[in-house]
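Working notes, structure below.
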Amino acid sequence: MVTIHDNKPVAKVIDFGVSKAISQQLTERTLFTAYGQMVGTPVYMSPEQAQMSGLDIDTRSDIYSLGVLLFELLTGSTPLDAEHLRKSGYAEMQRLIREEEAPKPSDRLSTQQGEALAKIAKHRGSEPGHLNRQVQGDLDWIVMKALEKDRNRRYETANGFLADVERYLNNESVLACPPTASYRLRKFISRNRQAVLVASAIAAALMLALVGLSVGFLQAHHSAKDARLAQDKVSQEQKRTAKERDRADQQRRLAV
């Protein structure tokens, strides 16, 4: 929205998905208008806004929405597809906002082809291949830090976000960096908790079965070994008895 201040046009952001209610608590009932539309724009909503919990909404929610805007400025589209969200049910919409990981801007650009990519690049004063190379690296990680589902991993303030963008423009090292392997693993487990539990149960069952087979094999091996030893002992005893019998027979013949 553009308003006039002292005869000068000033742009005002009036909707980041509506951070929080000013005069009343948001509930599942007050989240909808009479037309069944969600208050605010879902594609810009932070996960904590969509969660509808008692969690306080703070500046980091706006950081997420600013990250969506930067993603859109770089790629021409929002991380979550608006049309797909509109077609989703309320519960599915909430789930997508809370759990669906945003692609890196360079990855989104790499999926564009032909005229679509050329149009996006032209509007940004660049060439298709060059635009992707410009976005890869630091800009990717700045955007992804702002779009973290875990608000504790986002920029804490808009100034911190701006400072990292300025570092990029000044060819300085940015604070945003790729997530570690352990963090990506934790995120995967949290997103796929049920599947991980099922896989873990299956893996545990297979491990127990493998242990049982191993124990059975060892027991069978030891039993076979004991049987061979017993057979060898019987054979040796039979040979000794036969020798003693031959010796006795020989002594009897000598005595005659």
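Any value given below was found using the heavy atoms of this structure, including those in side chains, with hydrogens, waters and symmetry copies removed.
- One hydrophobic cluster, built from ILVMFWY side chains closer than 4.5 Å, holds both V198 and L206.
- Using modelled atom types, no side-chain atom of N170 and backbone atom of E172 make a donor-acceptor pair closer than 3.5 Å.
- Y44 has its side chain within reach of E72: a pair of non-hydrogen atoms, C-beta onward, lies under 4.5 Å apart.
- Summarising the geometry of L85 relative to M93, their closest heavy-atom pair is O-CE, 3.1 Å, with the distance given to 0.1 Å.
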R151 and D58: CA distance, side-chain angles, deciding distance, side chain to side chain contact (heavy atoms under 4.5 Å, CB included) verdict: CA-CA 10 Å; R151 66 178 187 167; D58 57 21; 3.4 Å; yes
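- A donor-acceptor pair under 3.5 Å links the side-chain atoms of D164 to the main chain of L175, judged by distance alone.
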Trace of the salt bridge (Lys or Arg N to Asp or Glu O under 4.0 Å) decision for R86 with E92: CA-CA 10 Å; R86 278 195 293 270; E92 175 64 7; over 6 Å; no
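- For the residue pair S126 and Q134, the shortest heavy atom distance occurs at OG-OE1, 3.4 Å.
- Rounded to the nearest 0.5 angstrom, S110 OG and Q136 CD are separated by 8.0 Å.
- When side chains are defined from C-beta on, L96 counts as touching S88, because their heavy atoms get closer than 4.5 Å.
- In this structure, a donor-acceptor pair under 3.5 Å is absent between the side chains of Y155 and E148.
- Donor-acceptor pairing under 3.5 Å is lacking for the side chains of R167 and S173.
- For M144 against P105, the heavy-atom pair with the smallest separation is SD-CD, 4.3 Å.
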side-chain hydrogen bond (donor to acceptor under 3.5 Å, both in side chains) assessment of S46 paired with Q49: CA-CA 5 Å; S46 65; Q49 286 174 261; 2.9 Å; yes
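- We find the OG-NE2 distance between S214 and H221 to be 13.0 Å, quoted to the nearest 0.5 Å.
- Side-chain contact check for N132 and S106: no donor-acceptor pair (N or O, by modelled atom type) lies under 3.5 Å.
- When every heavy atom of L147 is checked against every heavy atom of P79, the shortest pair comes out as CD1-CG, 3.9 Å.
- Taking OG1 of T75 as the reference point, atom CG of D107 lies at 11.0 Å (rounded to 0.5 Å).
- Remark: the backbone N or O of I97 is not paired with any side-chain donor or acceptor of E100 at under 3.5 angstrom.
- Contact detail for F71 and K104: the closest heavy-atom pair is CE1-C, 4.1 Å.
- Listed for the Q94 side chain is a donor-acceptor partner under 3.5 Å among the backbone atoms of A50.
- Checking S235 against Q238 by side-chain atom types alone, no donor-acceptor pair falls below 3.5 Å.
- Considering only heavy atoms from C-beta on, R98 stays 4.5 Å or farther from K149 through its side chain.
- The CG atom of D232 sits 6.5 Å away from atom CD of Q236, with the distance rounded to the nearest 0.5 Å.
- Atoms CG and CG, from D140 and L109 in turn, are 8.5 Å apart once rounded to the nearest 0.5 Å.
- Looking at K145, its side chain never comes within 3.5 Å of a backbone N or O of G67 through a donor-acceptor pair.
- At distances below 3.5 Å, at least one donor-acceptor pair connects side-chain atoms of R124 with backbone N or O atoms of I120.
- The distance from the CG atom of L131 to the CD atom of Q112 is 10.5 Å, given to the nearest 0.5 Å.
- Applying the 6.0 Å contact sphere to CD of E83 captures more than 12 heavy atoms from other residues, nucleotides or ligands.
- Between the side chain of R108 and the main chain of T78, a donor-acceptor pair closer than 3.5 Å is present.
- In this structure the side chain of F161 reaches within 4.5 angstrom of the side chain of L66, judged on heavy atoms.
- Hydrophobic cluster membership is shared by L139 and L169, with clusters built from Ile, Leu, Val, Met, Phe, Trp and Tyr side chains linked at under 4.5 angstrom.
- Considering every non-hydrogen atom in both V43 and V68, the closest pair reads O-CG1, 3.6 Å.
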Full working for side chain to side chain contact (heavy atoms under 4.5 Å, CB included) between Y168 and I142: CA-CA 9 Å; Y168 166 78; I142 289 174; 4.0 Å; yes
